[in-house]
Engineer: 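Please find one structure pasted underneath; my questions will follow.
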Amino acid sequence: MMMMRWVALVLVLAASAGAQRPSRTRSAPLAIDDVTLIDGTGAAPREHVRILIRDGRIVSIEHAGGAIPDSVGVIDGRGLFAIPGLIDGHVHLSGTSWENRVDQLHRTLLGGVTSVYELAGDTRLSGALARAVMAHEIEGPSIYYSALLAGPPFFIDPRAIGISTGFRVGEAPWAHAVTADSDLARIIAAAHGTGAGTIKLYASLDSAAATRATREAHRQGMRVVAHATTFPGKPSDLISAGVDMLAHTPYLVWEGMPRTGDWTHRAAGDFLGVRPDSPGIEHLLESMREHHVALNPTLWVFAESQKPDSASRVRTPWMNAVTKRASDIGVTIVAGTDNMYDPRRDSLPTLHRELELEVRAGLTPMQALVSATSATARVIGIDSARGSIAAGRDADIVLLDADPLDDIRNTRRIHAVIKDGRVVTPNSTRSAGGDVAPPDSNSVDPHAVQPERPTVATHAYTVAPGYLEIESGVEHDDDGSIGIPTELKVGLASHVQLSLFAPVVRPPSVGVGAGDFAAGVKWRLFDDAPVLGRFAVLPSIKVATGSSAAGRGTGTTDESLLLISSHDLGPVTMDLNAGYTWRSGNGANAPTRASLWTASFGGPLYASLGWTAECFGYPATHGGAGQPGSVALLAGPTLLARPWLAFDAGFIAPIAGPQAHALYAGVVYNVGRL
C-alpha cells in the first residue's frame with residue numbers, strides 16, 4: 001500500500017505559475033481517493049471522499065467508489081485527513097539574506113503552510129520572492145504582501161530604516177510617512193504599484209489620518225490592516241475608519257486607557273486595570289463583529305517568543321480571554337505568527353504552535369483550522385482561489401496522518417503537501433516539469449529533535465508516530481573510563497514513544513563492551529497543564545546483558561519510573577526529571593534502590609547556537625553496592641545544525657559525592673519515517 005502511494009506521488013508533474021491565478025503547464029491529473037475531508041469552512045468532516053485535481057485546480061469532490069482511469073495518478077487516502085493548505089496571516093520576510101529566506105520558505109511549505117500574508121517589509125524583496133515562487137524557481141508558499149504607512153515619529157525605528165535602503169527614510173513607496181498634508185492618493189497609488197495589495201497602518205497615526213488613509217486605500221481597491229492601536233488612534237477609531245483587520249489582541253487594551261502618542265509602549269498596557277470582560281472591551285468586540293473587522297491575535301509572539309516578565313504574566317491570560325470572547329460572539333479570527341519560522345524553537349512553521357495556543361485559549365480545533373484557512377483567505381481577498389477545498393479552487397491541500405479535530409497538534413502529522421496540484425517534496429526540482437521524488441521525512445516532521453544531554457535529563461516531547469530518532473554521545477571521565485550511551489526512539493502513536501537504550505562502555509582496566517540493555521515507553525500525558533506543563537512518564541526495564549565482572553553491567557534486572565515535566569519559559573526551556581529504580585539480583589554493582597533528579601535549562605544564543613545548563617543528583621543508594629549521594633553541574637553549547645540534527649558538548653563538574661569530572665559530546669539525529 002505504501003508503495004502505491006509513492007508511485008502516485010511520482011506521477012504528479014510540476015505546474016508553473018503566473019499572476020494572481022497562475023497559468024499552469026499541463027500535468028497528469030491526480031485523485032486523492034477515500035480520504036476524510038475537512039474543507040476549511042467549518043462544515044462537518046466528510047468521510048470516503050475522492051478529490052480529483054487537474055492542471056493545479058480541484059475539478060470535483062465526490063464520494064469514493066468506482067473505477068479511476070489509468071491516466072489519473074492516485075494517492076490512497078485511506079486513514080488520511082485532507083485539510084486546506086494553511087495560511088499564515090501575519091509574517092515578515094525582510095531582515096535576513098535571500099538564501100536564508102528561500103530556505104525558510106521551502107521549509108514553511110513543507111510544513112503545510114501554502115500561503116503567507118506579509119504585513120510590512122521591503123516589497124522589492126517580497127515581490128521578487130513571490131514571483132520566484134509563482135515561476136517555480138523556488139519552492140515556497142504563495143506570498144501576498146502589504147505596504148506600510150505611519151506617522152513621521154515611527155521612522156526612527158531600526159526596522160523602518162532597514163526596509164528603506166535606497167530611499168530617504170519615510171519616503172520609500174512601501175514604507176511612507178503620513179502627515180495631515182500628505183497626498184494620500186499619490187502615496188497609496190505608489191504603494192499599490194509595488195505589487196502590494198494591502199496597506200498596513202502602524203503607529204503615530206490619529207483617527208483622522210487613519211480614516212483618510214483607509215478610505216483612499218479602499219477607493220484604490222486595496223485592503224487595510226492596522227495595529228489594533230496606532231497611537232494615538234484607539235481601536236474604536238480604527239473600526240470607525242473602516243479597516244479590514246486589527247492585529248495583536250493585547251493592543252486592544254488601549255481602548256480602556258488614556259490616549260498616548262508613545263507607540264513604544266504598545267505591549268505594556270494596563271492589563272489589570274482594564275478587565276478583559278469590561279463593558280468597554282465587550283462593546284469594542286461587538287463593534288468589530290458589526291463592522292466585519294477581523295482580529296489577528298498573534299498569540300505566539302506574546303506568549304512564547306519573548307522573555308517572560310511581570311507584564312507577560314498578566315498579558316497572556318488577558319489576550320487569551322479577549323480572543324476567545326471575540327471568537328464566541330462572531331468576530332473573524334485570523335491566525336498569524338509575526339514570525340513565520342523559528343528554527344531555534346521548532347522544526348515546523350510557527351503557525352502550528354499558534355493554532356495550539358488558540359485552542360488553549362478556548363477555541364475549538366475546528367475554529368482554529370478555519371482561522372488559518374478560509375477566514376484568512378477571505379481577509380486577504382483570495383477566498384475564491386484558496387483557503388478551502390472545493391471544486392474550482394486551487395489545489396492547496398495538506399494530507400494528515402491523524403484527525404486535527406481530535407487534537408489540533410495533529411496538524412503537525414503531515415503525510416504530504418500539495419501546492420497548486422503538485423506534491424511538494426524536499427528534493428523536488430525547483431523548476432517546472434522535473435521528476436518528483438518521494439518526501440524525505442527528515443525535513444517534514446522530525447518533531448522531537450533538540451539538543452539535550454544524552455544520559456541525564458530528558459524532555460516530555462515524543463517522536464512523531466512512525467519516525468525514528470537516534471540520540472548518542474561520548475563521555476570521558478577523569479578516571480579514564482569512556483561511555484557511549486545510545487538511545488533509539490520510535491514513535492508508536494500520538495504521545496507514545498518506544499525508547500531502546502544500549503550503552504557501550506570502556507572501563508579503564510578492560511576493553512570495549514556493551515553494558516546492560518534497557519527498553520522503556522514514554523507516554524506524554526499532558527500538554528500545557530497549569531502546573532506540570534508538558535508532562536510524561538517513562539517506565540522502563542533493564543536486563544542484565546552486560547558483564548558485571550568487567551564493570552560493564554550490574555548483573556540485575558531493574559524496573560524504573562521517570563517523571564518528566566517540561567516548560568517553555570519564553571525562549572528558555574526547562575525540563576524537570578525525577579526517577580526511581582527498583583533492583584533485584586546479586587550483581588557486583590547492584591544497590592537495591594536508587595533515585596535520580598535533574599533540573600535542566602536551555603535557550604538560544606545566536607542563530608542556531610544555544611546553551612544548556614543542568615544540575616543533577618543521585619541521592620544515596622541503598623543495599624548491595626550502595627554509595628553516598630552525589631550532586632553535579634553540567635553545562636555547554638548546543639547547535640541545531642538542521643531541524644532534524646542537533647549537537648551538544650560540554651563538561652560535568654561534581655559538587656558533592658563520588659561523581660567524576662567528565663567531558664561529553666552528543667548528537668541527536670531524526671532519521672525520518674521508518
Side-chain angles (χ1 to χ4, degrees), residues 1-3 5-6 9-10 79-80 103 106-107 109-112 341 343-349 352 399-402 409-417 423-428 436-455 457-474 484-504 514 517-524 536 538 540 608 610 638-649 664-674:
M1 187 60 65
M2 186 61 68
M3 180 60 69
R5 289 180 177 175
W6 293 134
L9 301 188
V10 174
L80 302 180
D103 180 67
H106 192 198
R107 294 183 182 279
L109 179 59
L110 292 170
Y341 182 80
R344 298 170 300 176
R345 299 182 59 84
D346 203 348
S347 60
L348 287 175
H352 292 280
L399 298 178
L400 303 176
D401 287 322
R409 290 179 296 257
N410 288 336
T411 60
R412 295 171 171 265
R413 296 183 56 181
I414 296 171
H415 182 85
V417 177
V423 177
V424 182
T425 73
N427 297 323
S428 60
V436 179
D440 174 3
S441 298
N442 292 345
S443 300
V444 179
D445 185 13
H447 207 79
V449 167
Q450 61 172 289
E452 67 171 353
R453 174 73 178 102
T455 59
T458 188
H459 51 61
Y461 294 89
T462 51
V463 176
Y467 282 72
L468 171 66
E469 188 167 285
I470 300 173
E471 183 177 338
S472 187
V474 177
I484 310 175
T486 301
E487 178 183 358
L488 301 181
K489 311 171 187 178
V490 181
L492 299 181
S494 178
H495 302 68
V496 182
Q497 167 189 305
L498 172 66
S499 295
L500 304 175
F501 306 91
V504 176
F517 176 83
V521 175
K522 184 189 289 186
W523 182 18
R524 200 168 77 247
L538 176 58
S540 61
S608 297
T638 61
L639 171 65
L640 190 62
R642 292 289 188 273
W644 40 267
L645 179 64
F647 300 92
D648 67 343
Y664 72 88
V667 60
V668 186
Y669 171 53
N670 192 283
V671 178
R673 287 190 184 274
L674 294 172

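What you see is a predicted model, and the numbers here were worked out from it, not measured in a lab.
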Engineer: Test of understanding: with side chain to side chain donor-acceptor pair (under 3.5 Å), list the residues that count as partners of Ser499, not counting sequence neighbours.
Structural biologist: Glu487, Gln497
Engineer: To the nearest 0.5 Å, how far apart are CD1 in Ile470 and NZ in Lys489?
Structural biologist: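 If I round to the nearest 0.5 Å, the distance is 10.5 Å.
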Engineer: In Å and rounded to the nearest 0.5 Å, what is the CG to CG distance from Leu468 to Asn670?
Structural biologist: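 CG of Asn670 is found 7.5 Å from CG of Leu468.
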Engineer: About how many Å separate CZ of Arg413 and OG1 of Thr411, when rounded to the nearest 0.5 Å?
Structural biologist: 11.0 Å
Engineer: Give me the atom names and distance for the closest heavy-atom approach of Ser472 to Thr486.
Structural biologist: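 Smallest interatomic distance, heavy atoms only, reads OG-OG1, 2.9 Å.
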Engineer: Apply side-chain contact (heavy atoms from CB on, under 4.5 Å) to Thr462 and Val496, showing your working.
Structural biologist: CA-CA 6 Å; Thr462 51; Val496 182; over 6 Å; no
Engineer: Determine the minimum heavy-atom distance between Gly520 and Leu538, stating which atoms define it.
Structural biologist: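 Closest pair (atom of Gly520, atom of Leu538, distance): C-CD1, 4.0 Å.
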Engineer: Search all heavy atoms of Leu110 against all heavy atoms of Ile414 and return the closest pair with its distance.
Structural biologist: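 Residues Leu110 and Ile414, closest heavy atoms: O-CD1, 3.8 Å.
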Engineer: Can you name the nearest heavy-atom pair linking Gly111 to Leu348, along with the distance?
Structural biologist: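 Result for this residue pair: CA-CD2, 4.0 Å.
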Engineer: Can you name the closest pair of heavy atoms from Arg107 and Tyr341 and give their distance?
Structural biologist: CD-OH, 3.3 Å
Engineer: For Asp401 and Leu80: C-alpha separation, side-chain torsions, deciding distance, then whether side-chain contact (heavy atoms from CB on, under 4.5 Å) applies.
Structural biologist: CA-CA 5 Å; Asp401 287 322; Leu80 302 180; 3.3 Å; yes
Engineer: How far apart are the closest heavy atoms of Arg524 and Ala536, and which atoms are they?
Structural biologist: CA-CB, 3.8 Å
Engineer: Compare all side-chain heavy atoms of Leu645 with those of Val667 and state whether any distance is below 4.5 angstrom.
Structural biologist: yes
